[in-house]
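The basis for the numbers below is simple: all heavy atoms, side chains too, and nothing from hydrogens, waters or symmetry mates. Everything numeric in this text was worked out from a predicted model, so none of it was measured.
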Amino acid sequence: MADHVHRVTLFKLPKPDDVDAMIEQYKILEATHQKDGKPYLQSVVVGKPEADPRAQGYTLAAKTEFASAGDMKYYDEECPAHEQLKGVAKTLTMEGVLSVFFKPTITGGISQ
């Protein structure tokens with residue numbers, strides 16, 4: 001897991017209905033993502049940030065985990081499930097998106 005690629009994407013969607021629409025698209029993505037005929041995303045975690053000034057107006061957070069940089073490239077460029085999600089996102093009122101990815105330098109906690 002230390003060599004996996006983790007990606008965090010934050011969305012600023014001011015309309016609650018748009019947040020719900022994105023959550024629905026992530027549910028579809030989680031159920032249908034495939035590469036070479038089998039699921040490839042290591043994990044998908046999506047949720048609404050708690051009301052807190054540190055959220056800086058972001059209304060939806062998504063974390064995806066990939067086994068490799070190649071899998072993340074496939075997700076961005078070829079995955080039909082992700083293409084569908086991006087297509088819906090383009091129809092929504094979006095005030096901003098922030099996305100970062102990384103390979104862990106440190107892993108720990110009680111679930112390790």
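- Pairing each heavy atom of Pro49 with each of Ala55, the nearest pair is CB-CB, 4.2 Å.
- When all heavy atoms of Val5 and Ser68 are compared, the closest pair comes out as CG2-C, 3.9 Å.
- Separation of atoms CD (Glu95) and NZ (Lys15) is listed at 10.0 Å; rounding is to 0.5 Å.
- For the pair Lys12 and Asp18, the salt-bridge criterion is not met [side-chain N within less than 4.0 Å of a carboxylate O].
- Between Val46 and Ala62, the shortest heavy-atom distance links the atoms CG2-CB, 4.0 Å.
- Salt bridge status for Asp52 with Arg54: present, with a side-chain N to carboxylate O gap under 4.0 Å.
- Shown here for Val19 and Lys48, the closest heavy-atom pair between the two residues is CG1-CE, 3.8 Å.
- Side chain of His82 to backbone of Tyr75: a donor-acceptor contact under 3.5 angstrom is found.
- To the nearest 0.5 angstrom, Asp20 atom CG is 10.0 Å from Leu13 atom CG.
- The shortest distance between side-chain heavy atoms of Phe66 and Leu41 falls below 4.5 Å.
- Salt-bridge check for Asp71 with Lys35: passed, with a basic side-chain N closer than 4.0 Å to an acidic carboxylate O.
- When all heavy atoms of Pro14 and Thr93 are compared, the closest pair comes out as CD-O, 3.3 Å.
- Side chain to side chain, His6 and Lys63 meet the donor-acceptor criterion of an N or O pair below 3.5 Å.
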For side chain to side chain contact (heavy atoms under 4.5 Å, CB included), just list the numbers for Val97 and Thr9, CA-CA rounded to whole Å, side-chain angles, deciding distance to a tenth of an Å, and then say yes or no.
CA-CA 7 Å; Val97 178; Thr9 304; 3.8 Å; yes

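- If you chain together hydrophobic residues whose side chains sit under 4.5 Å apart, Val45 and Phe101 never meet in one group.
- Val100 and Phe11 fall into different hydrophobic clusters, where Ile, Leu, Val, Met, Phe, Trp and Tyr are joined by side-chain heavy atoms under 4.5 Å apart, directly or via other members.
- By the 4.0 Å N-to-carboxylate-O rule, Lys27 lies close enough to Glu24 to be salt-bridged with it.
- Scanning both residues, Met22 and Leu60, for their nearest heavy atoms gives CB-CD2, 3.5 Å.
- The OH atom of Tyr26 sits 5.0 Å away from the CG atom of Leu85 when rounded to the nearest 0.5 Å.
- Taking NZ from Lys73 and SG from Cys79, the interatomic distance works out to 15.0 Å, rounded to the nearest 0.5 Å.
- The line from CG of Leu29 to CD of Glu83 is 11.0 Å long, rounded to the nearest 0.5 Å.
- In this structure, the side chain of Thr64 does not engage the main chain of Val44 through any donor-acceptor pair within 3.5 Å.
- Ring-centre distance between Tyr40 and Tyr74: below the 6.0 Å cut-off.
- Checked by atom type and distance alone, the side chain of His4 never pairs as donor or acceptor with a backbone atom of Glu65 at under 3.5 Å.
- A 4.5 Å side-chain heavy-atom check between Val88 and Lys90 finds every atom pair outside the cut-off.
- Note on Asp76 versus Lys86: no salt bridge recorded, every NZ/NE/NH1/NH2 to OD/OE distance being 4.0 Å or above.
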